[in-house]
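By convention in this document, chain letters (A, B, ...) are assigned in the order of the sequence lines, proteins followed by strands, and residues within each chain are numbered from 1.
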Amino acid sequence: MKEMQTTYNPRDFEDRIYAGWIEHKDFHARIDQKKVPFTIMMPPPNITGQLHMGHAMDETMQDTIARFRRMQGYSVLWLPGTDHASLATEHKIVEKLREEGIEKESLGREEFLRRAWEWKETYGGKIISQLKKLGCSCDWDRLAFTLDEKCSRAVREAFFRLYRKGLIYRGSRIINWCPDCGTALSDEEVAYSEDAGFFWHFRYPVKDSDEFVTIATTRPETMLGDTAVAVNPADKRYSALIGKTLILPLVGREIPVVADDYVDIEFGTGAVKITPAHDPNDFEVGLRHNLPMIRVMNDDGTINEEGGKFAGLDRYEARKRIVAEMEAAGLLAKIEPHAHNVGHCHRCNATIEPIVSKQWFVKMKPLSKPAIDAVVKNKTKFIPDRFAKIYFNWLENIRDWCISRQLWWGHRIPVWYCDCGEVICSVDTPSVCPKCGGTHLVQDEDCLDTWFSSALWPFSTLGWPEETEDFKYFYPTDVLVTGYDIIPFWVMRMMFSGIEYTGKVPFRDVLIHGLVRDEQGRKMSKSLGNGIDPLEIIEKYGADSLRLSLLTGVAPGNDTRFTDAKVESSRNFINKLWNASRFVLMNAKGEKPMKFEEVKLQPADRWIISRLQSTIREVTVSMQKYDLGIAADKLTDFVWNDFCDWYIELSKPALYGEDPERRRSALGVLFFVLENALKLLHPFVPFVTEEIWSYLPGKRSGIIAADYPRYNTKLAYKKEAKAFEGVIELIKTVRAMKVAVECPPSKKVHLFLVTDSKRLVTVNKNSILRLAGASEIDFISAGAEAGEKTMSQVCELGHLFVPLGELVDLEEEKARLEKELDRVMGEIARAGGKLANNNFVAKAPKKVVDDERAKLEKYIDMKAKLEKQLEELS
RNA sequence: GGGGGCAUAGCUCAGUUGGUUAGAGCGCACGCUUCACAUGCGUGAGGUCACAGGUUCGAGUCCUGUUGUCCCCACCA
């Protein structure tokens, strides 16, 4: 038999263990009508780069849940995949091309796409190998990619269905335009930040008069597209101006002064320049007043021919020149510093231009309503549920979704235009125009927002719209695990898409987690350079330590800080588990442990088995509620404190003793508890548990396929366990007494005990002597029998006396007893007060009252004993 | 302007439907070469649960308000 090494060294086995799981197809999901399916769709990481700590946590949570359910006997499908991330990836590739001195346009669509697929192979592959390093038990046979044929087909079908229902339309509206990426964006893809800017006050001359109207603007260059100035109808300062005509400076266009409630009298000058083509509010004003829309900017952010002499200038250069010319013309009234919110491209951070543009949109109102209802009716549940409010907030205020992108890397919009003007939407490429029979059909140049395909992920990956076996068995999915920052982008869109296309909510539960922050609580980001690479941590500490550290002390929905100290303490715990296992195996060497069923259980055995049962129950409940942090806490506490610090130590007299039956019995219990602990831990730390499992005798299949432990009432031994706590307390009492009087731990003391539990103490005598550092225990009927000067302490099992000998200062012992007496008196006052309250006695549950009474009695007894002892010492 | 989170030990955080003396890890103090483990063992110190009210027999937990702090959304041109 191979032997375990003295220290836990994850690098020795993690890769080997993973290869073994793959080889045995342990992750492969099987359609089995005798089993209940359990499905998790992995949020597909973008192929833009590599996994960061946030991914590591997200994936670890999913893997932990998947392994737990698999062991519970569900047919688990955890479907992995990656996202083409249209804009994000295209932006990266364009950047890379620029470094090589190549412009995207010069490559052409086809060549560009070829390179993009190359990129996908490289980075997609990297991500997958990272997932494997982490130990992810996903079904690689079903690996998906948002741009593969299966998903693309689903995208075309979805588009077609919405188009046919009139929920997709094409129109000219104000959209968010990124001049650097050269594409439209959805509202969600714009991030606002407060930037320092200026408020320029310009004078616009009134036609045929010496008067001026002063307007204020933060974007002077848009004045080239002004088609009116608006004032509030209630603003007396301007009432005479309404209806008059102004001459737009630098351009010379005549523009009207209109009255509109939109204008805030208090803000700025109370007069607003109106540029319908470049501002969403102005666009609305323009519609109300029938104003012309003049677009003055090109897609790349330069001024177009409408800008006259400014044509061709970049927007910021034009801004400078316009301000200078206005000043030269005496039309610049003043410049004030002004902080205002500016929209930035989510991907490249360039300043967004609101621009009127012809784009494709999804009508949201009819889709958002059922998505809201589904959560109201609890068909889908958020964990924690406060995120439902955020979800509602988004859906209730949602505007139509701009889905077209002027990009190449993505799903091409399935719409063709015929020379005759016919617009054809079709799942498959049409060859003739159904209206005129013409064959010259040109497909729309644009791509779809990447989230349009992500929205279909829970079912497109299962073959929808085909009624595949996978789809029928595994859909709807059980739980979606993702961060709160993704709710508006993705969760919401999967919800309305799932309901719209499949008639079912895509998942029952949405488990929301927070962000992984750095040690100082800052967001990990590239610009700060404070990101930590999960692979480096795995290299140093092993995947299990990383996993455990990402789950312990974390509550659903809350942000967490990542620190080396946390990984270290996880590593220490795993090392502890490793050594405890090694201890059990070493002691079993050459001998077959007794079958657990045959063991004649001792009190200590019943205690640890009882603790195991409550741990099983608590951990299972926590896992089912997705309280992974709590489950991990309970488990580490059980393994470290109960099993290692107590039970293993308690078992030593039997293991090292002369009685072979006792020895084999102890081993039987040790193996039983260890095996169960390993199973409970496996979802959290799969590698090390699988490795240790392989050393256990008689294990043919992996722990990954083992049955999850079940709570067994027959093994609960509640009463016996409670009684045994008394033994533990006794040992702790002796230790504490020794420390209090600075008696070296190695010095054995003689114990005298007044107790009703002689049998319990006798059975455990050897353990007590060993763990308490005692030489002998004698039962006595009164303290005086222990000698003249003794230390004493009331404990669960009775009254303990230890002769002071020459070691101890009498005063110290008196002080200790007085302190203890103080504490007990406090307790008597508290419990007594409670019980003196008639309301408490009458209204609180009987058990609570009875417990309180028992406590009071116990303390009164302790008080008497303490007082007697103090008297004897003085 | 709207919505939400957080405030508990020196630090980082847990705390289930209100019910023993509010917990953990790290840190700190003291003591241990105890034959699995110093990545360890033992013992301990440390908390008016932000503040003020309220509901209740009973509040860290529920309600109202205040303060501080963070996030999301909207937005004044």
Side-chain angles (χ1 to χ4, degrees), chain A residues 4 6-8 187-188 192 199 215-219 222 230 262-264 266-275 279 281-282 285 338 340-341 384 386-387 389-390 392-394 397 484-485 487-488 514-515 519 521 523 541 545 552-555 557-561 563 565-566 568-587 618 621-622 625 627 629-630 633 636-637 644-645 648-649 652 656 732 735-740 742-746 770-771 773 823 826-827 830-831 834 837-845 847-849 851-852 854-855:
Chain A
M4 290 177 75
T6 34
T7 48
Y8 159 63
D187 294 341
E188 291 74 22
Y192 290 86
F199 223 5
I215 56 92
T217 181
T218 55
R219 292 189 297 155
T222 61
Y262 153 69
V263 181
D264 180 350
E266 305 296 321
F267 189 76
T269 64
V272 186
K273 63 191 266 315
I274 300 297
T275 324
D279 182 279
N281 291 308
D282 292 7
V285 175
H338 180 67
H340 60 139
N341 266 347
R386 64 183 140 93
F387 287 101
K389 289 185 224 166
I390 289 168
F392 292 143
N393 208 276
W394 271 99
N397 299 306
Y484 58 71
D485 50 334
I487 294 172
L515 265 39
E519 197 148 5
K523 222 166 164 170
Y541 298 99
S545 299
T552 39
V554 177
N558 287 3
D559 290 354
T560 176
R561 296 183 194 208
T563 64
K566 270 190 198 170
E568 261 172 46
S569 66
S570 295
R571 189 269 321 269
N572 293 353
F573 168 72
I574 296 169
N575 184 60
K576 187 79 182 172
L577 174 70
W578 180 269
N579 274 290
S581 309
R582 198 162 67 90
F583 172 83
V584 174
L585 284 161
M586 275 170 54
N587 279 287
E618 288 169 353
V621 168
S622 299
K625 285 161 59 186
D627 279 328
I630 291 176
D633 273 356
T636 48
D637 180 56
C644 294
D645 288 348
I648 284 185
E649 295 305 324
K652 282 179 179 174
Y656 302 150
K732 291 182 86 122
R735 286 171 176 170
M737 283 168 107
K738 286 170 91 171
V739 170
E742 288 172 7
C743 167
S746 51
R770 181 186 180 92
L771 299 194
R823 186 183 72 89
E827 288 303 324
R830 192 194 51 77
K834 248 181 156 175
N837 181 341
N838 286 332
N839 275 325
F840 172 71
V841 178
K843 291 187 184 173
K847 187 179 180 311
V848 176
V849 179
D851 286 355
E852 208 58 44
K855 242 183 292 171

Requested in this report: Could you check how far NZ of A/Lys523 sits from C1' of B/rC72, rounded to whole Å?
Outcome: 10 Å
Query raised in the report: A/Lys652 side chain N/O closer than 4.0 Å to the phosphate oxygens (OP1, OP2) of B/rA36?
Result: yes
Query raised in the report: Quick one: which of B/rA77, B/rG19, B/rG4 gets closest to the side chain of A/Tyr262?
Result: B/rA77
Query raised in the report: To the nearest Å, how far apart are A/Leu585 CG and B/rA36 P?
Result: 13 Å
Query raised in the report: Mind checking the P distance from B/rA52 to B/rU67? Whole angstroms is fine.
Result: 15 Å
Query raised in the report: Checking all strands, does A/Asn393 fall into the base, sugar-phosphate, or nothing category for heavy-atom contacts under 4.0 angstrom?
Result: sugar-phosphate
Query raised in the report: Using the C1' atom in both, what is the distance from B/rU64 to B/rG47, to the nearest Å?
Result: 26 Å
Query raised in the report: Among B/rC72, B/rA77, B/rG5, which nucleotide sits nearest the side chain of A/Trp394?
Result: B/rC72
Query raised in the report: Between the main-chain N or O of A/Lys389 and the side-chain N or O of A/Asn393, is there a donor-acceptor pair closer than 3.5 Å?
Result: no
Query raised in the report: So which one's nearest nucleotide on RNA chain B is more toward 5', A/Asp282 or A/Asp645?
Result: A/Asp645
Query raised in the report: Taking atom CG of A/Asn587 and atom CZ of A/Arg582, what is their separation to the nearest 0.5 Å?
Result: 11.0 Å
Query raised in the report: So what does A/Pro845 touch, heavy atoms closer than 4.0 Å: a base, only the sugar-phosphate, or nothing?
Result: base
Query raised in the report: When the C1' atoms of B/rC70 and B/rA36 are considered, how many whole Å apart are they?
Result: 46 Å
Query raised in the report: With respect to the side chain of A/Lys843, which nucleotide from B/rU56, B/rG40, B/rU43 is positioned closest?
Result: B/rU56
Query raised in the report: Say you draw a straight line from CG of A/Asn575 to OH of A/Tyr541; how long is it, rounded to the nearest 0.5 Å?
Result: 13.5 Å
Query raised in the report: Distance between the C1' atoms of B/rG42 and B/rC37, in whole angstroms?
Result: 15 Å
Requested in this report: Choose from B/rA77, B/rA36, B/rC57 the nucleotide whose nearest atom is closest to any side-chain atom of A/Glu649.
Outcome: B/rA36
Query raised in the report: Which part of the nucleic acid, if any, lies within contact of A/Ile648, taking any heavy atom under 4.0 Å across all strands shown: a base, the sugar-phosphate backbone alone, or nothing?
Result: base
Query raised in the report: Using a 3.5 Å cut-off on both pairing distances, which stems of three or more Watson-Crick or G-U pairs include RNA chain B?
Result: B:1-7 with B:67-73, B:10-13 with B:23-26, B:28-32 with B:40-44, B:50-54 with B:62-66
Query raised in the report: According to a strict under-4.0 Å criterion, is A/Tyr192 in side-chain N/O contact with OP1 or OP2 of B/rC71?
Result: no
Query raised in the report: So, for A/Ala831 and A/Glu852, which heavy atoms are closest and what is the spacing to 0.1 Å?
Result: CB-OE2, 3.5 Å
Report task. Mind checking A/Tyr656 for me? I need base, sugar-phosphate or nothing, with any heavy atom below 4.0 Å counting as a touch. Result -> sugar-phosphate
Query - Candidate pair A/Lys523 and A/Leu515, rule side chain to side chain contact (heavy atoms under 4.5 Å, CB included), full reasoning - result: CA-CA 8 Å; A/Lys523 222 166 164 170; A/Leu515 265 39; 3.7 Å; yes
Query raised in the report: Rounded to whole angstrom units, what separation is found between the CG atom of A/Asn397 and the C1' atom of B/rG2?
Result: 8 Å
Requested in this report: Using a heavy-atom cut-off of under 4.0 Å over every strand shown, decide if A/Arg219 touches base, sugar-phosphate, or nothing.
Outcome: nothing
Pairs under 3.5 Å (N/O, protein and nucleotides 7-17 of chain B):
{"from": "B/rU12", "atom 1": "O3'", "to": "A/Arg561", "atom 2": "NE", "distance (Å)": "3.2"}
{"from": "B/rC13", "atom 1": "OP1", "to": "A/Arg561", "atom 2": "NE", "distance (Å)": "3.4"}
{"from": "B/rC13", "atom 1": "O2'", "to": "A/Gly553", "atom 2": "O", "distance (Å)": "2.8"}
{"from": "B/rA14", "atom 1": "OP1", "to": "A/Asn558", "atom 2": "ND2", "distance (Å)": "2.7"}
{"from": "B/rU16", "atom 1": "O2", "to": "A/Lys625", "atom 2": "NZ", "distance (Å)": "3.3"}
{"from": "B/rU16", "atom 1": "O4", "to": "A/Lys634", "atom 2": "NZ", "distance (Å)": "3.4"}

Requested in this report: Let me know the distance between NZ of A/Lys834 and P of B/rG19, rounded to the nearest Å.
Outcome: 11 Å
**Report entry** Minimum heavy-atom distance between A/Lys273 and A/Asp282, given as atom pair plus value
**Finding:** O-OD2, 3.3 Å
Query - Test side chain to side chain contact (heavy atoms under 4.5 Å, CB included) applied to A/Phe199 and A/Thr218, step by step - result: CA-CA 5 Å; A/Phe199 223 5; A/Thr218 55; 3.8 Å; yes
Requested in this report: Give the C-alpha distance, both sets of side-chain angles, the deciding distance and a yes or no for side chain to side chain contact (heavy atoms under 4.5 Å, CB included) between A/Tyr8 and A/Leu577.
Outcome: CA-CA 9 Å; A/Tyr8 159 63; A/Leu577 174 70; over 6 Å; no
Query raised in the report: A/Asn575 has an atom CG; how far is it from atom P of B/rG40, in whole Å?
Result: 7 Å
Requested in this report: Could you give the distance separating B/rA50 and B/rA59 at their C1' atoms, to the nearest angstrom?
Outcome: 16 Å
Query raised in the report: C1' atom, B/rU16 versus B/rA9: distance in rounded Å?
Result: 22 Å
Report task. Round to the nearest Å and state the distance from A/Phe840 atom CZ to B/rG19 atom C1'. Result -> 8 Å
Query raised in the report: What is the nucleic acid contact for A/Arg571, judged by heavy atoms within less than 4.0 Å: base, sugar-phosphate only, or nothing?
Result: base
Requested in this report: Using only side-chain N and O atoms of A/Arg386, determine if any of them is under 4.0 Å from OP1 or OP2 of B/rG4.
Outcome: no
Report summary line: Per atom distances to the A/Arg735 side chain, the nearest of B/rA36, B/rA77, B/rG42 is B/rG42
Report task. Name the orientation class of the two ring planes belonging to A/Phe583 and A/Tyr656 (parallel below 30°, tilted from 30 to 60°, perpendicular beyond 60°). Result -> perpendicular
Report task. Consider only side-chain N and O atoms of A/Lys576 and A/Thr636, and report whether a donor and an acceptor are under 3.5 Å apart. Result -> no
Query raised in the report: Would A/Asp851 and A/Lys855 satisfy salt bridge (charged side-chain N to carboxylate O under 4.0 Å, His left out), going step by step from the backbone distance to the final call?
Result: CA-CA 6 Å; A/Asp851 286 355; A/Lys855 242 183 292 171; over 6 Å; no
Query raised in the report: Touch check for A/Gly270, heavy atoms < 4.0 angstrom, all strands: base, sugar-phosphate only, or nothing?
Result: base
**Report entry** Donor-acceptor pair, side chain of A/Lys738 and main chain of A/Gly773, under 3.5 angstrom
**Finding:** yes
Query raised in the report: Where the side chain of A/Asp264 is defined as all heavy atoms beyond and including C-beta, which of B/rU39, B/rA77, B/rA36 is the nearest nucleotide?
Result: B/rA77
Query raised in the report: Nearest nucleotide by nearest heavy atom, which residue falls closer to the 5' end of RNA chain B, A/Ala216 or A/Ser569?
Result: A/Ser569
Query raised in the report: How many Å lie between CZ on A/Arg582 and C1' on B/rG40, as a whole number?
Result: 12 Å
Query raised in the report: Base, sugar-phosphate, or nothing: which does A/Lys732 touch, judged by heavy atoms less than 4.0 Å apart?
Result: sugar-phosphate
Report summary line: Rounded to whole Å, the CG-P distance (A/Asp187 to B/rC73) equals 11 Å
Requested in this report: Just call it for A/Glu568: base, sugar-phosphate, or nothing, with non-hydrogen atoms closer than 4.0 Å on any strand.
Outcome: nothing
Query raised in the report: How is A/Val739 classified with respect to the nucleic acid when contacts are heavy atoms under 4.0 Å: base, sugar-phosphate, or nothing?
Result: sugar-phosphate
Query - OP1 or OP2 of B/rC41 under 4.0 Å from side-chain N/O of A/Lys576 - result: yes
Query - Between B/rU55 and B/rG18 - C1' atom distance, rounded Å - result: 12 Å
Requested in this report: Give the minimum heavy-atom separation between A/Arg561 and A/Glu519, together with the two atoms involved.
Outcome: NH1-O, 3.3 Å
Query raised in the report: Looking across every strand, which nucleic acid part, if any, lies under 4.0 Å from A/Ala580 by heavy atom: base, sugar-phosphate, or nothing?
Result: base
